[in-house]
Amino acid sequence: MCGIVGYIGPRDATPIILNGLKRLEYRGYDSAGLAVLQNGKIEVRRDAGKLSRLEELLRESPIVGAPGIGHTRWATHGAPSVQNAHPHLGQSGDVVVVHNGIVENFLELRDELRAEGTIFRSETDTETIVHLVEHHQSAGLSLIEAARRTFQQIKGANVIVLMSAREPEKIIAARLGNAGGIVVGFGDGEMFAASDIPAILEHTRKVLFLESRQVATITCQGVTIETLEGKPVQPQVSNVPWDPVAAEKGAYRHFMQKEIHEQARSLTDTLAGRVEFDTARIRLPELNLDAALARRINKIYITACGTAAYAGMVGKLLIEKIARIPTEMDIGSEFRYRDPIIDENTVVLAISQSGETADTLAAMEEGRRKGAVIWSIVNAIGSQAMRIADGYISMQTGPEIGVASTKAFTAPLVDQYMLAILLADLRGTLDDKTRHALVADLRLIPNLAGRTLSREADVELVAHSLKDIRDCLYLGRGINMPIAYEGALKLKEISYVHAEAYPAGEMKHGPIALIDENMPVVALAPKDPWYEKMVSQIQQAKARGGKVIAVATDGDELTASMADHVLWIPETPWMLSPVITVLPLQLLAYHIAAIRGLDVDQPRNLAKSVTVE
Ligand code: BG6
């Protein structure tokens, strides 16, 4: 996905847009650009590479003015280059556009426009949009009419922001389907538009989120919303509970390191207002779950992508164990096409940090199409996955900027644990004693996380010993099997090491062939019901000369006697142990990548959330 920022008001748009793009660079960072109306003419500056290249260009040839629109790109059509970077100017130089998504019918539209003599200067689908708008303007339509006509012609999920020199008093923004959101921000005599809240948080917390197939006309005084067909829509304004500091790195070298260390607080926040420790009751008001619904649920499908999928794998185990409801975990991109068996008593629970991942949203729509109850666990306030669900749980961790997800992994583990208790409680299948014990364990988690994170220096030492590895095998069992997958994903995402994870019991059926002195094995062996089994897996790996890095519970001398390195964690209730066992693996991957001098927050080829299929 890409990042978009727009500004209209009395101030110079350039610095406002640049700062906003900096806060969105996690969305895509292979090229960037901005356009500003300067002395009645649209001036464009854009370059391939990081935002810093654009800043350099603007120092050499500055532009001052307003309104303005800007973009940071994650390429889909056309390689990262100056020609393909956004914004794209029309032939008349009057209209300029930035875009997120894919114009699925751009080839035929391009041929039609070419047949009329339009000259294309890039390989992008985006350029089709600006030429179409100019085409309709030349037929006498106003900017908004030409824009709406164009938006009705293009196919696919798209977010578009454009402006024109001939109508400088407005910016047009549109959302067509699930290609990431567009949020409009209200200032004092000025207005903002952005792909995500962190870009405008320093200016305002008063926002509205465009729904799909809506167009916003934004002026200095405010905004009018209409459908593509021109029907007026009443804006739904809301206030964002996040503070601007949340979008800052603070004293940390990277957002990822900051977000890893925020987990003691984010885990406290995800419990906030939801747990009555004295009565051992869970409250999840936005889920709209009552006893009648809880009792008729016959199946739960958890669906998600990337790191969120591994959180779902833990959730499956927790919901089946505590609430005894059959639960499956399905990767979003598979679930949407596999014709799952669903009826009105089925729940589809989507997990998504951004709430804008196209495959996860499509899986939700597949569930909707088949009559399921749709729930979501989401971090991004006002995102699509939060708005289209029948009920949701907000992760309440604040903005997550590092592309590799960390605090938005541990929060949904706790959210699913709370959900499982609430379901069992409402179904009347949980006795008081067990419920009190399960709820009491929640109180321990923020402190256990803090204690584990305070051992960062020990993890960094182990990272130094692994800084030159090429491959790595992660092993786990039971409730910590998904943590092996998440640990391996973190190492892949940010240090580009070929890391593979396996259910440890499967090792002897194949991957054990990989083990030798060059294949480090990260083994999750906390004191949980699968501990003895993991000890024998570690012995098998050691017997083949493998170098073992074990995640083990304080005082576990047996594991310490076998392993080459131990990443210690405090004693933790087993059903919540994944929240703690993952922390040293997040730190390990972080430090290996940092020691290698890699761009931890913006790893190559990745984006914070992928809004295209
Ligand atoms: C990827 C991100 O693009 O999407 C991962 O790089 C993330 O970090 C995955 O886990 C799913 O994103 P989300 O926002 O749906 O949880």
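We're numbering straight along the sequence, starting at 1. Whatever order the structure lists them in is the order used to number ligands and atoms, beginning at 1.
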Practice problem: Check side-chain contact (heavy atoms from CB on, under 4.5 Å) between Ala411 and all other residues, then give those that pass, not counting sequence neighbours. | Solution: Thr270, Met395, Thr397, Asp415

Exercise. Considering only NZ, NE, NH1 and NH2 on the basic side and carboxylate oxygens on the acidic side, decide whether Arg175 and Glu356 come within less than 4.0 Å.
Key: yes

Quiz item: Hey, is Glu500 close enough to Lys492 for a salt bridge, meaning N to O under 4.0 Å?
Solution: no

Exercise. May I ask you to check whether Ser394 and Asn379 show a side-chain donor-acceptor distance below 3.5 Å?
Key: no

Self-check item: Protein residues having a heavy atom less than 4.0 Å from any atom of ligand 1
Solution: Cys305, Gly306, Thr307, Ala308, Ser352, Gln353, Ser354, Thr357, Val403, Ser405, Glu493, Ala607, Lys608, Ser609, Val610

Quiz prompt | N/O donor-acceptor pair under 3.5 Å between Asn158 side chain and Gly156 backbone | solution = yes

Quiz item: If you measure from CD1 on Ile154 to CG on Asn105, what distance do you get to the nearest 0.5 Å?
Solution: 7.5 Å

